[in-house]
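Worksheet: the structure to be examined is printed underneath.
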Amino acid sequence: MKSKALSSAFQNWIPKIFSFLAALFIVLSVRFMNVHDRVVTLPLNVILPENYNAASLVPDTVDAVITGPDSIIYLVDPSAITATADFSSVDGAGIVRVPVALDYRDDIYTRDGLVVSSRPSTVRILFEEK
């Protein structure tokens, strides 16, 4: 009995695999077809350490990438998103890299299926002692 069930499951396995892959491709393409990116430039609030000077350029903007359905991403108010890079914990001279923190009302964005990220995701600055 087991061999009959097993043999019928593996019978015509090439069309079954092809059908499964075609269905998977259709589902994924429909799911991600309406997902787009909106890129807005935000001012970057950089918090510098007290004991060190920045020897390289301090960036003043970052790009916020809003990903989601095309009908919703243009309804997002970019002024409700703030970007911060906190270098206050620097304890030595050299190049320091910190992540860019985006502050926004998370519940509004996740409820509608939006994802907000920064580009670049980290900022680096060369510091020297005062």
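Heavy-atom basis, side chains included; hydrogens, waters and symmetry copies ignored.
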Please set out all donor-acceptor pairs under 3.5 angstrom arising from side-chain atoms of residues 117-126, sequence neighbours excluded.
unit_1: Ser118; atom_1: OG; unit_2: Pro120; atom_2: O; d: 3.1
unit_1: Thr122; atom_1: OG1; unit_2: Arg97; atom_2: NH1; d: 3.0

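No more than 12 heavy atoms of other residues, nucleotides or ligands lie within 6.0 Å of CG in Leu57, so this atom counts as exposed by the packing criterion. No more than 12 heavy atoms of other residues, nucleotides or ligands lie within 6.0 Å of CG in Asp91, so this atom counts as exposed by the packing criterion.
To the nearest 0.5 angstrom, Ile72 atom CD1 is 12.5 Å from Arg38 atom CZ. Atoms CG and NZ, on Asn51 and Lys130 in that order, are 7.0 Å from each other to the nearest 0.5 Å. A distance of 11.5 Å separates CD1 of Ile17 from CG of Asn12, quoted to the nearest 0.5 Å. A distance of 10.0 Å separates OG of Ser89 from CD1 of Ile47, quoted to the nearest 0.5 Å. Rounding to the nearest 0.5 Å places CG of Leu48 at 9.5 Å from CG of Asp86.
Side-chain contact between Ile81 and Leu42 is present, with heavy atoms from C-beta onward closer than 4.5 Å. Within the 4.5 Å cutoff, the side chain of Leu44 has no heavy atoms near those of the Asp60 side chain. Side chains of Ile73 and Leu114 form a contact here, defined as non-hydrogen atoms less than 4.5 Å apart.
In this structure, Phe87 has its ring center at least 6.0 angstrom away from the ring center of Tyr52.
Hydrophobic clustering, with ILVMFWY side chains joined whenever heavy atoms are under 4.5 angstrom apart, groups Leu21 together with Trp13. Val62 and Val46 fall within the same hydrophobic cluster, defined by Ile, Leu, Val, Met, Phe, Trp and Tyr side-chain heavy atoms under 4.5 Å apart, directly or through other members. Residues Phe18 and Phe20 do not share a hydrophobic cluster, defined by chaining ILVMFWY side chains whose heavy atoms lie under 4.5 Å apart. In the hydrophobic clustering of ILVMFWY residues, with side-chain heavy atoms under 4.5 Å counting as a link, Tyr104 and Ile66 come out together.
Minimum interatomic distance between Ala93 and Glu128 (heavy atoms only, all atoms of both residues): CB-CA, 4.1 Å.
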